[in-house]
Amino acid sequence: MNEAIRGWDDTIVALATPPGLGAIAVVRVSGKNAIAAVDRLFPAKNLSAQQGRTLHIGMLHDEQQPIDEVVISLYRSPASYTGEDLVEISCHGSPYIQQQIIRLIQQQGVRLAKPGEFTQRAFLNGKMDLAQAEAVADLIASNTESSRKAALHTMKGGFSQELKELREQLIQFSALIELELDFSQEDVAFADRTQLKQLIDQLQSTTSRLLDSFRLGNAIRQGVSIAIIGKPNAGKSTLLNALLNENRALVSDVAGTTRDTVEEVLNIRGILFRLIDTAGIRFNTEDIIEQMGVEKSLEKMRTAQLVVYLMDVQQLTQDTLGEAVSILEKERVPYLIVLNKMDVLSPQQKDTLPQSENILQLSAKDKQGLEALKDAIFSRTVEGDLLGESTIVTNERHVEALRQLQQALQEVGQGLNNGIPGDLLALDIRSCLHHLGSITGTISHDEQLEYIFSKFCIGK
């Protein structure tokens, strides 16, 4: 592996907490000279003689000048986050003090860390695999309970263990087939083709399940886009405000008040939904600005994962309902039709309204029926168990590797069915092993590692 990536022989330093003013800041130092570098600045105690996993309080000095009273957390290799000697300096959160401490440590022959380099060293030193390392960044970026749980499950090795078990079984068969090639003249079979076929079927089932989980995983990580569409004055902005429980969109009785899209985020059961309030759809307007707003509304509708088409129940007829369905089905988008302003109807009038699983009723003004709408939005866009402990794939790199694995497994299965020679079968199995290993970093390239870890924050 490239020495510039490995960096075994140097020591690195970085701020491990967010930059700026705060009560406490943490400066992290890792590498073979980490303890010695900090020891020269910490006369209160001989750190080089101390055991790992210990805390030490005292003044950090610039020659004879005290800089700050700090707490030193000392970890010795291999029992540290990076697998190297590691020191964390907890100081007061003044940006000036942070800069001074980092400057002093650099003067001891320590260089500034690159983005993600601490976690990269943890991976290179075998403290975690690549999938777990990527989950560290996901955990830091998590902003909902579901994203936290998914990232933590992967970081704890749940995903990796599942892949490891499958890979080990495949390696066993691969070794037996390779052994057959060494005895090709004797025409012997060490690998049971029936058992191998069963394993391939199991691998295909597991791979399909993991790929299917990405719909939920992508919703957890990226959020779900919901376009609120409808004619002018149907109550779209009122609905947005009611869902958010605050006044985020301008509301008036004048049709066409909303000329541009308004986007806000709503958390439903741990999933973020990006609600897009759009301009009213009116095709016969002469207003150029309103025409542009209508076109933008249609663009948002085409790219949304679900369209909530809002209709004023007072203007509901067979023709207006048919027009709405025609627009939605023409664009081939998943949709819910929501009949708004139910508060103005009598019980008898409500009984005559059309009934369908795609039609909901509510009053945005009185905030009636909002929970039913949220439930419908969630069930139409999110599939999977957010409370379970099963693996949920959230990383697009993992998805691509699983797709390639799925294709390679199909080729192995076809080869077994067609009775292809062992040498060709061995090549297909190696391809499967490669795609499995690329997820956890068992097989990887230096450039890939550089790209992955460059997306981390500096102190991680």
Side-chain angles (χ1 to χ4, degrees), residues 1-17 25-63 67-68 70-91 97-130 132-134 136-137 140 155 441-442 444-460:
M1 190 172 289
N2 190 311
E3 282 298 318
I5 292 178
R6 290 180 59 174
W8 295 123
D9 296 328
D10 60 357
T11 302
I12 56 175
V13 61
L15 184 67
T17 46
V26 176
V27 175
R28 177 178 283 171
V29 190
S30 182
K32 67 177 185 179
N33 295 321
I35 297 175
V38 178
D39 197 12
R40 289 191 285 269
L41 305 172
F42 192 72
K45 191 175 290 186
N46 181 6
L47 295 178
S48 299
Q50 305 304 315
Q51 295 183 348
R53 298 185 179 183
T54 54
L55 299 177
H56 310 278
I57 302 175
M59 283 289 181
L60 207 67
H61 282 251
D62 177 3
E63 296 178 351
I67 298 298
D68 189 24
V70 300
V71 176
I72 303 290
S73 304
L74 191 148
Y75 304 89
R76 291 190 177 275
S77 173
S80 73
Y81 178 75
T82 59
E84 306 172 324
D85 285 349
L86 186 143
V87 178
E88 290 184 346
I89 304 169
S90 299
C91 62
I97 291 174
Q98 299 168 28
Q99 294 168 6
Q100 286 294 98
I101 292 175
I102 291 174
R103 178 185 63 81
L104 289 174
I105 294 172
Q106 284 183 275
Q107 291 175 355
Q108 308 305 313
V110 178
R111 69 169 174 84
L112 283 174
K114 296 180 292 185
E117 191 169 1
F118 291 96
T119 304
Q120 185 175 359
R121 289 188 177 207
F123 163 71
L124 294 172
N125 286 319
K127 301 297 290 185
M128 60 181 70
D129 64 34
L130 194 55
Q132 290 173 292
E134 289 172 297
V136 172
I140 292 171
M155 195 181 80
T442 308
S444 59
H445 300 288
D446 293 355
E447 294 83 1
Q448 183 186 43
L449 296 183
E450 289 264 28
Y451 175 76
I452 289 170
F453 288 105
S454 69
K455 295 181 176 298
F456 282 57
C457 53
I458 293 291
K460 202 62 182 176

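Residues Leu55 and Ile72 have side chains not in contact (no heavy-atom distance under 4.5 Å, counting atoms from C-beta outward). At least one side-chain heavy atom of Thr119 sits less than 4.5 Å from a side-chain heavy atom of Met128. Side chains of Val13 and Val27 form a contact here, defined as non-hydrogen atoms less than 4.5 Å apart. Proximity of Leu41 to His61: side-chain heavy atoms (C-beta onward) are nowhere separated by under 4.5 Å. Phe42 has its side chain out of reach of Val87: every pair of non-hydrogen atoms, C-beta onward, lies at least 4.5 Å apart.
We find the OH-CZ distance between Tyr81 and Phe118 to be 10.0 Å, quoted to the nearest 0.5 Å. Of the inter-residue distances, the one linking Leu124 atom CG with Leu130 atom CG reads 9.5 Å to the nearest 0.5 angstrom.
Closest approach of Gln50 to Leu74, counting heavy atoms only: O-CD2, 4.2 Å. Closest approach of Arg53 to Ala79, counting heavy atoms only: NH2-CB, 3.5 Å. Taking all atoms of both residues into account, the shortest heavy-atom contact from Cys91 to Val70 is CB-CG1, 3.8 Å. The minimum heavy-atom distance between Ala25 and Thr17, with the atom names listed, is CA-OG1, 3.4 Å. The minimum heavy-atom distance between Asp85 and Ser77, with the atom names listed, is OD1-N, 2.9 Å. Between Arg28 and Ala16, the closest heavy-atom pair is CB-CB, 4.1 Å.
Although no hydrogens or angles enter the test, the distance criterion places no donor-acceptor pair under 3.5 Å between the side chain of Asp39 and the main chain of Asn46. Checked by atom type and distance alone, the side chain of Gln108 never pairs as donor or acceptor with a backbone atom of Ile105 at under 3.5 Å. For Thr82 (side chain) and Ala122 (main-chain N/O), no donor-acceptor pair under 3.5 Å exists by modelled atom type. Checked by atom type and distance alone, the side chain of Ser48 never pairs as donor or acceptor with a backbone atom of Ala36 at under 3.5 Å.
More than 12 heavy atoms of other residues, nucleotides or ligands lie within 6.0 Å of CZ in Arg40, so this atom counts as buried by the packing criterion.
Salt bridge status for Asp10 with Arg121: present, with a side-chain N to carboxylate O gap under 4.0 Å.
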(request) Please test Ile102 against Leu112 for side chain to side chain contact (heavy atoms under 4.5 Å, CB included), starting from the C-alpha separation and ending with a verdict. (result) CA-CA 8 Å; Ile102 291 174; Leu112 283 174; 3.7 Å; yes
(request) Check the pair Val136 / Phe123 against side chain to side chain contact (heavy atoms under 4.5 Å, CB included), numbers first and verdict last. (result) CA-CA 11 Å; Val136 172; Phe123 163 71; over 6 Å; no
(request) Evaluate side chain to side chain contact (heavy atoms under 4.5 Å, CB included) for Thr11 paired with Glu84, printing each intermediate quantity in order. (result) CA-CA 10 Å; Thr11 302; Glu84 306 172 324; over 6 Å; no
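Judged purely by distance below 3.5 Å, without hydrogens or angles, the side chains of Gln100 and Arg103 pair a donor atom with an acceptor atom.
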